[in-house]
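Keep in mind that this is a model prediction, so the values were computed, not measured. In what follows, every heavy atom counts, from backbone to side chain, and hydrogens, waters and symmetry copies are set aside. Throughout, a chain's letter reflects where its sequence line sits, starting with A, and its residues are numbered from 1.
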Amino acid sequence: MHVAMHMSDGLVNAPTALGFGLVAILGLTVAAYQARADLDERTAPMAGLVTAFVFAVQMINFPILPGASGHLLGGALVAILVGPWVGSLCIAIVLVVQALLFADGGLTALGTNITNMAFVGVFTGYAVARAMRPLARRSRAGLLTTSFVAALVNTVAAALAFVVEYTIGGAGGAGLGTVFTLMVGLHVLIGIGEGVITAATVGAVAAARPDLVYLLREPAPVVRTTGEGVAP
Amino acid sequence: MRSSRFLIGFLLVALVIAGGLSYFASPEPDGLDSVTLNGCTVTETAEGEQLDGTCIAQNAGEHQLAGGPLADYAVDGRDGTTGLAGVIGVLVTVLVAGLVFWALSRTRGRGVRSGGG
């Protein structure tokens with residue numbers, strides 16, 4: 001059986017793959033720098049386990065249409081639980097482990113995969129969750145709703161990021177309109193699954209340890225002395 | 001709930017999902033895969049999959065590490081080893097991520113924020 005969950009090599013041309021490889025390196029450098037403020041002896045082990053959890057759940061493809069399945073991307077999930085900077089590192093680590101150990105996701109496609117899922121997915125999910133934070137803090141139903149919506153949006157955003165990459169340097173012959181329609185259509189359906197998994201997971205963590213849910217913490221978990229736009 | 005108990009529980013859930021629930025995963029291509037193959041016909045050959053037609057993946061290459069011991073979420077390509085591959089993946093991931101985040105948390109004091117309040 002051939003198992004591929006992420007972009008393989010050769011979907012975009014070499015310059016595009018290289019360009020997004022540089023985007024990934026730059027972005028991960030910034031994320032690692034910013035993530036330090038959100039990591040302490042309590043949140044660092046949590047971040048490690050959230051990463052392993054995303055790896056595990058990404059293995060579970062669920063059916064969406066005859067002949068097509070979907071799986072968790074995890075952007076909103078990690079952003080809500082550990083914050084966007086740590087979260088983008090979580091997703092990037094999952095993608096690197098999958099590419100190197102499981103031959104899932106091409107090596108030259110790592111830059112595009114990291115851009116789509118670790119950056120676009122995580123930060124879009126976080127933006128939605130952040131905008132809905134008053135609701136998320138009001139009640140359990142509010143938190144679940146926020147998680148669901150943020151996850152649905154992060155899935156479609158990551159799919160759109162792929163369409164952008166294909167527009168820039170697609171190596172195949174498929175037409176852009178068709179690619180756009182299919183990617184968005186399928187990922188709205190996948191996003192519903194992503195939303196259900198994200199809401200269930202965030203709900204379970206919040207029930208056991210609400211202090212470990214980044215989104216629910218007071219305005220900032222630490223005193224920030226540097227004022228550069230890290231504002232969560 | 002105590003931190004250690006919560007974290008161990010979280011890890012066990014991940015292990016059960018990767019080690020057991022993974023056998024019930026849909027074998028159909030995921031959303032991206034089905035879109036990249038849309039328009040092509042896939043033929044299984046001795047050398048792997050051959051694509052004919054016009055689609056996104058028409059120039060896609062075989063993974064450079066396709067011959068690796070855990071490639072395609074199986075141990076040495078053997079059927080029925082998805083769960084074991086998943087358990088190994090969870091353990092490797094938690095080790096790698098744990099190391100990365102522990103190392104980053106150790107460097108936190110340097111210029112990111114003032115120590116005690």
Look at A:G170, A:A109, A:A44, A:A159 and state which one has the largest set of heavy-atom pairs under 4.5 Å with chain B. A:A44
Measure distances from B:V94 to the heavy atoms of chain A and classify the residue's part below 4.5 Å as side chain, backbone, both or neither. both
Look up atom CG in B:L99 and atom CD1 in A:I93, then write down how far apart they are to the nearest 0.5 Å. 9.5 Å
Contacting region of A:V97 [heavy-atom separation from chain B under 4.5 Å]: side chain
Can you confirm whether A:D9 sits close enough to B:E62 that some side-chain heavy atom of one is under 4.5 Å from a side-chain heavy atom of the other? no
Side chain, backbone, both or neither: which part of A:V86 has a heavy atom under 4.5 Å from chain B? both
If you round to the nearest 0.5 Å, how far is CD1 of A:I60 from CD1 of B:I17? 6.5 Å
Quick check on A:L182 against chain B: is it the side chain, the backbone, both or neither that has a heavy atom closer than 4.5 Å? both
Check whether A:S69 reaches the backbone of B:E28 with its side chain - one donor and one acceptor, N or O, closer than 3.5 Å. yes
Just do the side-chain contact (heavy atoms from CB on, under 4.5 Å) check on A:V205 and B:F6 with the steps written out, would you? CA-CA 9 Å; A:V205 174; B:F6 173 81; 3.8 Å; yes
Which atoms of A:F62 approach chain B - backbone, side chain, both or neither, heavy atom under 4.5 Å: backbone
So what's closer than 4.5 Å to chain A heavy atoms on B:V87: side chain, backbone, both or neither? neither
Using the ring of each side chain (for Trp, its six-membered ring), is B:Y73 parallel, tilted or perpendicular to A:F102, with breaks at 30° and 60°? parallel
Give a yes or no on whether the backbone of A:A174 and the side-chain of B:T54 come within a donor-acceptor separation of less than 3.5 Å. no
Checking B:V100 against chain A: side chain, backbone, both or neither under 4.5 Å from a heavy atom? side chain
For A:G48 against B:A97, the heavy-atom pair lying closest together: CA-CB, 3.9 Å
Output, in order, the C-alpha distance, side-chain angles, deciding distance and verdict of side-chain contact (heavy atoms from CB on, under 4.5 Å) for B:F10 and A:R209. CA-CA 11 Å; B:F10 206 172; A:R209 287 293 300 269; over 6 Å; no
Report which part of B:A85 has an atom under 4.5 Å of a heavy atom belonging to chain A: side chain, backbone, both, or neither. both
For A:T178, is it the side chain, the backbone, both, or neither that has a heavy atom closer than 4.5 Å to a heavy atom of chain B? side chain
With a 4.5 angstrom heavy-atom cut-off, is it the side chain or the backbone of B:R2 that approaches chain A, or both, or neither? backbone
Contact class of A:L49 relative to chain B, heavy atoms under 4.5 angstrom: both
Of the backbone (N, CA, C, O) and the side chain (C-beta and beyond), which part of A:L100 lies under 4.5 Å from a heavy atom of chain B, both, or neither? both
Answer key: most heavy-atom pairs under 4.5 Å with chain B among A:A171, A:G67, A:G70 is A:G67
For A:P45 and B:L7, which heavy atoms make the closest approach, and how far apart are they? CB-CD1, 3.7 Å
Are B:Q64 and A:T108 close enough that some pair of their side-chain heavy atoms sits under 4.5 Å apart? yes
Side-chain touch A:M59/B:T82, heavy atoms, less than 4.5 angstrom: yes
Top residue by heavy-atom pair count (under 4.5 Å) with chain B, among A:G175, A:A208, A:G185? A:A208
Is there side-chain contact between B:L104 and A:L89, with at least one heavy-atom pair below 4.5 Å? yes
Nearest 0.5 Å please: distance from the CZ atom of A:F55 over to the CG atom of B:L91. 9.5 Å
Just give me the residue among B:G98, B:G61, B:G89 that pairs up with chain A most often, heavy atom to heavy atom, under 4.5 Å. B:G89
Gap separating the CG atom of A:N61 from the OG atom of B:S22, nearest 0.5 angstrom: 10.5 Å
Side-chain contact, heavy-atom cut-off 4.5 Å: B:F101 with A:M46? no
Just give me the residue among B:S34, B:C40, B:G31 that pairs up with chain A most often, heavy atom to heavy atom, under 4.5 Å. B:G31
For the atom pair CG (A:L39) and OG1 (B:T107), what is the distance rounded to the nearest 0.5 Å? 8.5 Å
Using the side-chain contact (heavy atoms from CB on, under 4.5 Å) rule, pick out the option among B:D33, B:I56, B:L32, B:T36 that qualifies with A:M7. B:L32
Between atom CG of B:D30 and atom CE of A:M5, what is the distance when rounded to the nearest 0.5 Å? 7.5 Å
